[in-house]
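The structure appears below as structure tokens.
Below, read A as the first sequence line, B as the second, and so on, with proteins coming before strands; counting in each chain starts at 1.
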Amino acid sequence: MTELPPLPEHLGPLNPAQADAVRHRDGPLLILAGAGSGKTRVLTRRIAYLLETGIPPEQVFAVTFTNKAAAEMKERIEELVGPEARKLWVSTFHSACCRILRAEAEALGYTRRFAIYDDDDQVRIVRQLVADAGYDPKVVVPSAVISRIDWFKNRRIDLEAALEQRRLRRGEPLARVWEDYETQLRASDALDFNDLIGKVVELFEGHPEVLQRYRDTFRYVLVDEYQDTNRTQYTLLQLLAAEHRNLAVVGDDDQSIYGFRGADLRNILDFERDFRDARVVRLEQNYRCSERILEVANAVIAANDGRIAKRLFTETKRGGSRVTLLAHEDPRSEARFVADACLRLVDQGARWSDIAIIYRTNATSQPFEAALGELGVPHKVVGGRPFYARREVRDALAYVRLVTNPADDAAFLRVVNVPARGVGAATLSSLRDAARERGEPLMKAARAVAAGTSRAARAVAGFLRLIDELVEVAAAASLPAFVREVLERSGYVELLRAEGEHEGKGRLENLEQLLRDAATFVPDPSAPDGPAEVLAQWLDRVALAGSEEEAGEGGSVALMTVHNAKGLEFPIVFVVNMVDGQFPHVRSAEDPDGFQEERRLAYVAFTRAQDRLFVSRCRHRFSWDPRGGGAIKEPVARSPFLDQVPVGSCDGALVDAREGPATAEPRRRAGPLPEGRRAELRALLDGDERPRRSLRPSRRADPVPEAPPAMPAGTYRTTTIEHADQLGVGVKVLHDRLGIGTILKIRLPTLVISFSSGSRSVPSHDPGLQILKE
DNA sequence: AGCAGTGTTTTTTTT
DNA sequence: AAACACTGCT
């Protein structure tokens with residue numbers, strides 16, 4: 001832990017810059033805080049100091065970007081000032097806005113029970129609208145439509161404005177679909193994520209008396225990660241702060257990594273122009289990273305232009321061990337190496353929770369999870385939103401949503417026929433027509449249809465009865481009891497039980513977790529009581545945050561994306577899969593802004609490390625041969641960022657990741673980590689600093705490994721099947737339900753196998769599967 | 001009409 | 001791994 005010594009008082013050992021930032025009271029303040037410069041410390045002290053000087057906690061409005069950061073900040077302030085801290089507004093932009101809208105929704109023509117549509121709901125809605133409008137979804141791609149709509153909303157451009165500014169032509173498919181989308185949301189009493197912010201801006205602009213109320217309430221506004229604000233959020237802040245001007249923002253232009261969400265660097269770059277009298281404080285002393293790590297991170301970010309001049313330095317962590325650059329044959333050997341290294345590091349006294357594995361894209365976690373699991377390394381994939389995004393969880397939640405808000409069409413469409421109850425495509429489409437004609441929610445249209453006697457009408461009636469029952473349960477039962485009833489009465493649990501062991505089991509477990517989550521949910525004590533209220537709050541939490549039990553650190557290695565790692569620090573960090581196309585990602589490579597953002601991502605990733613940093617890449621990746629030849633290995637080039645790393649700060653003892661030409665060259669084949677390299681690894685991690693012969697990277701130092709030993713005859717449990725080496729098209733397998741079959745295709749983790757009963761796709765880790773070899 | 005089963009395609013990052 | 005489109009069966 002690189003903590004400053006504990007403070008006797010609020011203004012204890014802060015460096016002069018930090019103290020300035022804390023002590024500044026009224027008027028605009030810009031804090032430029034480099035990575036690890038004690039930003040959170042300054043923010044929390046500053047709030048504590050404000051309270052100390054007599055500002056009532058209700059008047060302080062602090063916004064962050066993640067729930068984790070908000071929770072941490074609250075906790076740390078509470079440590080400083082005690083339970084008073086609970087009266088502060090410390091939350092994310094989205095939950096703060098959600099809270100405001102729940103109170104003020106009527107002024108905008110929504111009810112207080114408005115639904116929140118996440119991206120999945122958005123895409124479903126748009127897909128329908130595209131089809132209704134008669135466009136080809138391959139041409140007018142729903143997800144692209146959403147991302148363009150979001151693009152506009154992030155920049156505070158609504159449909160009207162977009163048309164006016166000629167950014168959109170009237171009659172263009174996007175314009176048409178966007179309009180339908182807004183109509184649909186309005187009719188469904190629903191807001192999307194961006195609306196949460198945008199509608200508050202609209203509220204403030206259109207209702208001066210409401211704005212005045214909030215200005216009077218929030219006399220001190222603090223914003224964390226200001227470099228990640230978009231134009232809409234910026235406007236919101238300007239509106240709130242225009243009168244009292246007590247706006248304090250903290251940020252680092254080098255850590256702006258949310259461009260895809262509309263983060264606009266101008267917000268921070270122009271702060272001094274927006275507020276001529278702004279006080280500017282620079283926090284450039286880093287207390288987190290060792291000097292060597294800092295050198296590497298600084299070298300990478302130095303290539304960006306248009307930065308606010310600043311250079312991070314350290315006095316407390318001079319020197320440190322060299323940053324280790326590694327090259328591996330393929331993702332599996334990379335993962336194996338990292339897992340091995342974790343074991344070794346823990347042998348040397350590190351705790352599991354000291355270690356983090358950081359990558360650019362979620363998909364990268366997979367081989368690492370497998371390798372860590374194999375070696376028995378406790379690990380946890382942090383973030384993403386694996387849990388609430390599960391289909392079964394979303395289905396269950398859709399029932400809950402529909403009970404809370406009968407106008408929620410997205411929820412209706414999700415569950416009318418899940419489990420199947422006889423409401424098919426044809427019935428549904430007539431329902432939608434009826435609803436659209438009358439501008440009513442689907443539930444209403446369904447009521448009309450249900451009066452009939454046809455088979456379809458009876459099916460719809462059955463569904464309505466179910467929802468009505470659930471509405472009654474909701475009014476009386478506790479939250480967990482209600483959720484349980486939802487699962488039981490909907491027949492969902494039964495459906496999963498029938499689905500068979502493998503599929504259904506994990507899903508059932510997820511639903512149990514959902515129940516546990518409902519059971520442990522603590523409603524806001526300051527909000528009104530009652531089942532409906534608790535239910536609504538729970539839905540907000542679920543929509544805006546992840547599962548809370550995620551935080552249960554315990555003792556495990558953390559795996560996460562760079563975005564999820566922001567704001568965190570670890571003694572030991574592996575930044576993995578530093579391969580061209582992944583990191584920097586291909587999708588950003590084309591435009592210069594995107595590329596610079598990738599560089600900032602690398603900067604963020606590196607600066608998470610306190611004491612040891614490993615950066616690794618591989619030379620090949622697995623991919624799928626489109627001609628059906630099975631899984632193939634493909635050469636990949638190293639990340640260009642590796643070339644900016646200063647040699648003096650690095651240890652290339654294994655095989656330097658910068659070795660070889662930047663464009664990929666074809667290589668032969670994979671194999672286990674050779675014993676020679678294993679020995680090197682051991683020496684390296686055991687802290688043997690003697691120069692080694694192999695220090696100089698050489699192509700010969702990395703010999704072509706031998707082929708993996710041939711599989712002896714016999715049968716194998718499928719834990720072994722995860723290794724593609726042992727699979728091949730044509731290999732015979734035995735499945736305990738489906739019998740003997742032949743592998744047709746390998747698309748890990750899925751196998752397509754031809755059985756006598758026809759071909760099926762089977763997960764490669766299906767425990768009922770064995771390889772037959774003669 | 002409804003539905004199960006199969007085959008095809010696809011993801012950068014998150015509130 | 002999951003969402004869709006397509007097919008053929010009931």
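Cation-pi geometry between A/R231 and A/Y234 is satisfied (NZ or CZ under 6.0 Å from the ring centre, within 45° of the ring normal). Geometrically, A/R102 does not engage A/Y110 in a cation-pi contact defined by less than 6.0 Å to the ring centre and at most 45° from the axis.
Atom CG of A/D120 is separated from atom C1' of C/dA2 by 10 Å (rounded to the nearest Å). Atom CD of A/E598 and atom P of B/dT12 are 11 Å apart (whole Å). Spacing between atom CG of A/D121 and atom P of B/dT15 amounts to 16 Å, rounded to whole angstrom units. Protein atom CD of A/Q596 is 22 Å distant from nucleotide atom P of B/dT13, rounded to whole Å. At whole-Å resolution of the value, NZ in A/K153 and P in B/dT14 are 21 Å apart. Atom CZ in A/R124 sits about 11 Å away from atom C1' in C/dA2, given to the nearest Å. Computed from coordinates, the A/I257 CD1 to B/dT13 P distance equals 13 Å when rounded to whole Å. What separates CD of A/E225 from C1' of B/dT13 is a distance of 15 Å, to the nearest Å.
Identified under the side-chain hydrogen bond (donor to acceptor under 3.5 Å, both in side chains) test for residues 139-151 of chain A, with sequence neighbours left out: A/D150-A/N194. Among residue pairs with one or both ends in residues 456-465 of chain A, none qualify as salt bridge (charged side-chain N to carboxylate O under 4.0 Å, His left out); sequence neighbours excluded.
Between A/N362 and the phosphate of B/dT14, there is a side-chain N or O to OP1/OP2 separation shorter than 4.0 Å. Remark: A/R587 is not in phosphate contact with B/dT13, judged by side-chain N or O atoms under 4.0 Å from OP1 or OP2. One finds no side-chain N or O of A/N67 lying less than 4.0 angstrom from the OP1 or OP2 phosphate oxygen of B/dT15.
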Protein-nucleic acid N or O pairs under 3.5 Å, nucleotides 1-4 of chain B:
unit_1	atom_1	unit_2	atom_2	d
B/dG2	OP1	A/G424	N	3.4
B/dG2	OP1	A/T427	OG1	2.4
B/dG2	OP2	A/A426	N	3.3
B/dC3	OP1	A/G422	N	2.9
B/dC3	OP2	A/N417	ND2	3.1

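With hydrogens and angles ignored, a donor-acceptor pair under 3.5 angstrom links the side chain of A/H94 to the base of B/dT15. Between the side chain of A/R261 and the base of B/dT15, no donor-acceptor pair under 3.5 Å is found.
Using a 4.0 Å heavy-atom distance criterion, A/F93 is classed as making no nucleic acid contact.
For A/T561, the listed nucleotide lying nearest its side chain is B/dT13; candidates were B/dT12, C/dA3, B/dT13.
A donor-acceptor pair under 3.5 Å is absent between the side-chain atoms of A/R421 and the main chain of A/A459, judged by distance alone. In this structure, the side chain of A/T232 engages the main chain of A/N154 through a donor-acceptor pair within 3.5 Å.
With no hydrogens or angles considered, no side-chain donor-acceptor pair links A/Y603 and A/N304 at under 3.5 Å.
The residue among A/T92 and A/T361 whose nearest nucleotide of DNA chain B is located toward the 5' end is A/T361.
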